Amino acid sequence: MTSLAEGKRPPAGPPAVVVDGVSKRFTLRHARSIKDITVRLARRQALSESFDALHDVSLTVTRGETVALMGLNGSGKSTLLKLISGVMSPDVGSVRVRGRVAGLLDVGAGLHPELTGRENVFLNGAILGMGEAEIKRKFDTIVEFSGVERFLDTEVKFYSSGMFMRLAFSIAAHTEPDIFLIDEVLAVGDPPFREKCIRRIRELRDEGRTMLIVAHDIPMLVQLCHRGVMLRHGHKVYDGDVADAGSLWQADKKAERGAR
Ligand SMILES: Nc1ncnc2c1ncn2[C@@H]1O[C@H](COP(=O)(O)OP(=O)(O)OP(=O)(O)O)[C@@H](O)[C@H]1O
């Protein structure tokens, strides 16, 4: 696989994101009701267990770099993006971010179901750091990109998941973030919209925005990204050439299929 971004690496600049020795532990509760607790205690089974979703992960992203985060399901990619976006804090280590961050971490995250598409453009735009004048100036572009014009005055709870995602992506992608975090959303849209998103990501990349992208579409990541980081069971196992990271992902995937 050859990378489109090869030879187009951004000039070495100041760091935009510094993740330093980060670990994150989650507790999984096995019993929620009094009955569950009683049964598990009688059987001498644990009521909960904890495990490390991220283990001593360090990562520096230079301003203007587009970095692919790869790894099988459950390897810790989304957790890492949540730590960078600030919606979650690490148990150990630190995360420093320089600039305005726009995260697209969940389909429709940040859209309010009871509000219309139009109201959500204003609300979500403001949450993502745009002023009212800026939103008004970009309103038509955002709506046109999303393709939800006809449903603009409908509450978004009536939108399909694809429409939800299109509006959410469109708002976030037009906030001119310094750092743009994209998690899996590209898997949800229909193919023409996906192509549009990829074009927009490429534009943002060529404008010199910093991006971290999580996806399972490895050829797309290889095309779009300057660099690839591979996670395995919460550990960073590779950080370097995006095509090589892609090959590691393919090998893990093959091993996982073989193990089933
Ligand atoms: N809030 C939470 N509470 C408990 N466990 C969690 C929580 N969030 C994530 N996990 C667990 O942490 C591990 C890492 O999850 P994460 O979503 O970061 O992986 P991922 O690499 O993004 O996976 P996928 O590709 O499936 O989205 C998983 O085992 C997941 O079940």
Side-chain angles (χ1 to χ4, degrees), residues 17 19-33 36-37 40 45-59 61 66-95 97 101-110 161-162 164-165 168-169 172 179-189 194 197 201 211-222 224-225 227-239 242 245-257 259-260:
V17 178
V19 175
D20 189 11
V22 154
S23 296
K24 183 74 189 173
R25 174 167 284 195
F26 289 119
T27 302
L28 293 178
R29 277 182 229 299
H30 296 306
R32 298 232 165 244
S33 65
D36 283 349
I37 293 171
R40 292 191 76 94
Q45 290 170 326
L47 298 181
S48 64
E49 70 181 286
S50 51
F51 76 98
D52 295 326
L54 287 176
H55 198 89
D56 195 17
V57 171
S58 295
L59 174 68
V61 181
T66 299
V67 174
L69 271 186
M70 301 181 193
L72 299 182
N73 294 120
S75 55
K77 306 178 297 293
S78 303
T79 305
L80 184 54
L81 284 194
K82 283 180 186 154
L83 295 176
I84 295 171
S85 77
V87 298
M88 218 181 241
S89 323
D91 297 326
V92 179
S94 65
V95 176
V97 167
V101 182
L104 211 55
L105 304 187
D106 248 325
V107 175
S161 58
F164 228 85
M165 195 284 276
F169 182 91
I179 301 161
F180 196 25
L181 310 175
I182 305 170
D183 192 356
E184 299 280 6
V185 290
L186 300 173
V188 184
R194 216 178 99 86
C197 291
I201 290 173
M211 283 185 283
L212 279 118
I213 308 177
V214 167
H216 290 276
D217 181 343
I218 303 302
M220 177 197 76
L221 290 177
V222 171
L224 280 177
C225 299
R227 190 173 131 206
V229 170
M230 174 79 185
L231 294 178
R232 193 180 284 151
H233 305 302
H235 294 260
K236 187 176 90 169
V237 294
Y238 181 81
D239 185 347
V242 65
S247 304
L248 277 176
W249 184 91
Q250 308 278 11
D252 275 18
K253 195 73 192 161
K254 206 167 157 191
E256 184 188 58
R257 281 200 202 104
R260 274 196 202 135

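Since this is a predicted model, take the numbers as computed values, not measurements. Hydrogens, waters and symmetry mates play no part in the numbers below; they use all other heavy atoms, side chains included. As the structure lists them, so they are numbered: ligands from 1, and atoms in each ligand from 1. Counting from 1, the numbers follow the sequence of the chain as shown.
- The pair D217-R194 counts as a salt bridge, with a side-chain nitrogen and a carboxylate oxygen less than 4.0 angstrom apart.
- Judged purely by atom type and a 3.5 angstrom limit, S58 uses its side chain to pair as donor or acceptor with the backbone of G21.
- Judged by distance alone, the side chains of S78 and D183 do bring a donor and an acceptor atom under 3.5 Å apart.
- In terms of modelled atom types and a separation under 3.5 Å, the side chain of D91 and the main chain of R25 share a donor-acceptor contact.
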Once you restrict both partners to nitrogen or oxygen, which atoms of ligand 1 have a protein partner under 3.5 Å, and how far apart are they?
unit_1   : atom_1 : unit_2 : atom_2 : d
ligand 1 : 18 (O) : S78    : N      : 3.4
ligand 1 : 18 (O) : T79    : N      : 2.9
ligand 1 : 18 (O) : T79    : OG1    : 2.6
ligand 1 : 19 (O) : G76    : N      : 3.2
ligand 1 : 21 (O) : S75    : N      : 3.1
ligand 1 : 21 (O) : S75    : OG     : 3.3
ligand 1 : 21 (O) : G76    : N      : 3.0
ligand 1 : 21 (O) : K77    : N      : 3.0
ligand 1 : 21 (O) : K77    : NZ     : 2.8
ligand 1 : 22 (O) : S78    : N      : 2.9
ligand 1 : 22 (O) : S78    : OG     : 2.7
ligand 1 : 23 (O) : G74    : N      : 2.8
ligand 1 : 25 (O) : N73    : ND2    : 3.1
ligand 1 : 25 (O) : K77    : NZ     : 2.8
ligand 1 : 25 (O) : H216   : NE2    : 3.1
ligand 1 : 26 (O) : N73    : ND2    : 2.9

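- No side-chain donor-acceptor contact under 3.5 Å links K236 to the backbone of M230.
- Checked by atom type and distance alone, the side chain of K24 never pairs as donor or acceptor with a backbone atom of L80 at under 3.5 Å.
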